[in-house]
Amino acid sequence: MMLGKISGSVTTKNFSFKAEARVKKLQYIAVKDFEGKWILAYVDSITKYPNRTIGKAKVIGFRDSRGFLKSLVVPFEPETPVYTADEDLIKHTLGLKEEGLYVGLLGGYKIRVNLPVKHLITKHVAVLAKTGTGKSYVAGVLLEELAENGTPVVIIDPHGEYRTMVEENRKENEISQMETFGIEPKSYKKNIQVFDLELRNPVKLNSKLTTDEIFEMLPTKISSSQRGLLYSAIKNLERKDYTLRDIIEEVDSIESNVKWNLISMLELLENTKLFSANPTKPKDFVKKGKITIIDLKEANPEIQQIVVLKVAKELFTARKRGKIPEFFFILEESHNFCPERGLGEVASSKILRIIASEGRKFGMGLGIISQRPAKVDKNVLSQCSTQIILKVTNPNDIKAIMESVEGIEFGTREEIKDLPVGVAMIVGATEQPLFVDIRIRKSEHGGEAIKAMEREVSFENRILLFAPRFFEEDVKKSFKGIEEIVFLNYPIWKVFGVYRGEEIEFYVDGVTGEIVFEKDDSIEYSSGIRSLLELPPSQRSILLYLTKNKYATIEKLSNDLKILLSTANANLRSLMQKKFVASDGYMFRSAFEINVPPEPSLLRIGHKIIEKEMEGERLDFMVSPDFVHKIGEIWGMKILEVKPVYYPYWMVSHKNTKYLINGLNNRLEIEKSKVVRGLI
Ligand SMILES: Nc1ncnc2c1ncn2[C@@H]1O[C@H](COP(=O)(O)OP(=O)(O)OP(=O)(O)O)[C@@H](O)[C@H]1O
Ligand SMILES: [Mg+2]
């Protein structure tokens, strides 16, 4: 069908056309070149004017006789007709194959997108998206397809959400969509085996640990003399099948005064009960046609990381020696197992970096899943040549994706932000990024049982946050014309202290240094505290004295405060210059506006605080705990503890200006918006 004709300036990469029929964004279109060959392009944007509609298109190119995707060398002629592209041209030009892992349909078409298995195993894959947008769902689709294909998989499942694959999908709204995708409900019971850390089918890790492994596993690093000790102990045991107990006894038998600390650390490892002289074998984990789920639900972070370190390492060694078949190793919540360098090394960091760079040579494919791409080790992420990207809004995460993916111009930042749930941008599987409607799961998806806000997600990035009571949708409903919305974690010090013999708590704004408190369901701030505390101590005490005593002569003031007349004079001059003190030449009085609630015990904020992984953006603390202690001094209270917590705000853009909406009461805060605007 003809859609219109080319008009305006034309390059070999872009052209515009006057649309005569309805066109859609990202629709594929076809144009004949000067030789009469069909060239594939897609609609990048559409603009409607009162009397015409102009589509802007980007050229994809054509496949040459050797199967390479070629771009255009001669621009199209003006007035050349533009047609809808037919399915064969799309499939052929994009390089979509009939075989592979069926992940979904090309956006807006009935064309199946099949990802080639070999390509994924040898090039690694990453599934990246913000929380709750379908990462685990897509991973489940991949697992189903790998099971059908017979490719073995080992998946690290920190939330225990994959075992539901033994059930067929019974969700009615999903079943009704199955026909579109040409699938039927199915249970994968035959294919699934689950290991966990409980008694039923526990993962048993090989207790024959090397010095290096122990070194990586211990939470606190050991000294070089302890390392030497460990090394000689293990050397003595080398020929046997030793356990951690043997190592401990061996270390104990050595005369040394650094051994005690080492022994207690080794005992910590022993107490995890993860290690056994009769460990689970690599060939038990990796079996043809089997999906092996390692369910680590409820295990603490260090334990999870140790399991990943040891399992990944043994599997990699076994694969290098050809003892197990080619397989996929999939890591949910990857940022916890190979965090970005600046965020600190964990036990599993090193082996995952090695697998990312060498696994491809040996047929151990890595699947990285994360809701915080910016928090995943760049060395690992950049080795994933195929990326399945779902909706991402955090600018740092989008940046991390852009930096690790080649050829991502097709989907701009905006497109990634706007992806609806269930639609993925797949980059790297073909030359051209693809927008794909991810197919419905045949088996049951287990992800939804875990609510995003409550789940134990990350270990290194957990914060205390006043639980938001209003969410993105609420804010969008109440404030019209929002162009962009992000969650902002606003820093607040939570202070515990004793005042007149009673325990009290209050909050200090981590940016302005003012006291924050709740009054009639709205948030109020003190004023003047910051300026007061930033004065030199002698000036501060003069000012406080004048605030209490209203008027004083310089003689009375210096007498009461026990300071020299000359010091009082110099400080009063300085305070007058700052307009904090006024005088008629004889009497001095405070002109300082300080507005502090008089009764510290009234300063509550009565909302629930939860511990969770940080999402969205965060402002840094700008006032120190020291500063907070000084506030206590003014009131004459004893400060016991100062703790960082965060306050929920929604930062919205309206007409290019940022505003803050309070996440507890859904109110616009103009003053706070001004403060934050100056910082971002
Ligand atoms: N392709 C899809 N088709 C239908 N529903 C989907 C699809 N993708 C996601 N969903 C729905 O979205 C919900 C969230 O998806 P999922 O559990 O995969 O999110 P996630 O990105 O893994 O989140 P988290 O970061 O919390 O682990 C699912 O429970 C499912 O109902
Ligand atoms: Mg998930």
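Numbering of ligands and ligand atoms starts at 1, following listing order.
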Taking both backbone and side-chain atoms of [X], is any N or O found less than 3.5 Å from an N or O belonging to ligand 1?
{"X": "Lys135", "answer": "yes"}
{"X": "Gly134", "answer": "yes"}
{"X": "Gly132", "answer": "yes"}
{"X": "Thr133", "answer": "yes"}
{"X": "Thr131", "answer": "yes"}

With heavy atoms only and a cut-off of under 4.0 Å, state how His445 meets ligand 1: side chain, backbone, both or neither.
->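 The answer is the side chain.
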
Determine whether the side chain, the backbone, both or neither of Leu390 has a heavy atom under 4.0 Å from any heavy atom of ligand 1.
->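 Within the 4.0 Å criterion, Leu390 makes no contact with ligand 1.
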
Under 3.5 Å side-chain donor-acceptor pair for [X] and [Y]:
{"X": "Ser443", "Y": "Arg441", "answer": "yes"}
{"X": "Tyr162", "Y": "Asp295", "answer": "no"}
{"X": "Glu333", "Y": "His159", "answer": "yes"}
{"X": "Ser478", "Y": "Asn666", "answer": "yes"}

Can you sort out which atoms of ligand 1 are near [X], meaning under 4.0 Å from one of its heavy atoms?
{"X": "Gly422", "answer": "1 (N), 2 (C)"}
{"X": "Ser136", "answer": "18 (O), 20 (P), 22 (O), 27 (O)"}
{"X": "Ile438", "answer": "1 (N)"}

Tell me whether Thr131 has at least one N, O or S atom under 2.8 Å from the Mg ion (ligand 2).
->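 False for Thr131.
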
Salt bridge flag under 4.0 Å for residues Glu148 and Lys442 = yes

Run the ring-ring contact (aromatic ring centres under 6.0 Å, His included) check on Tyr646 and Phe487 step by step: do they pass?
-> CA-CA 11 Å; Tyr646 289 85; Phe487 188 75; 10.0 Å; no

Once the angle between the rings of Phe466 and His607 is folded into 0 to 90°, is it parallel (under 30°), tilted (30 to 60°) or perpendicular (over 60°)?
->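 Taking His607 first and then Phe466, their aromatic rings stand perpendicular (interplane angle over 60°).
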
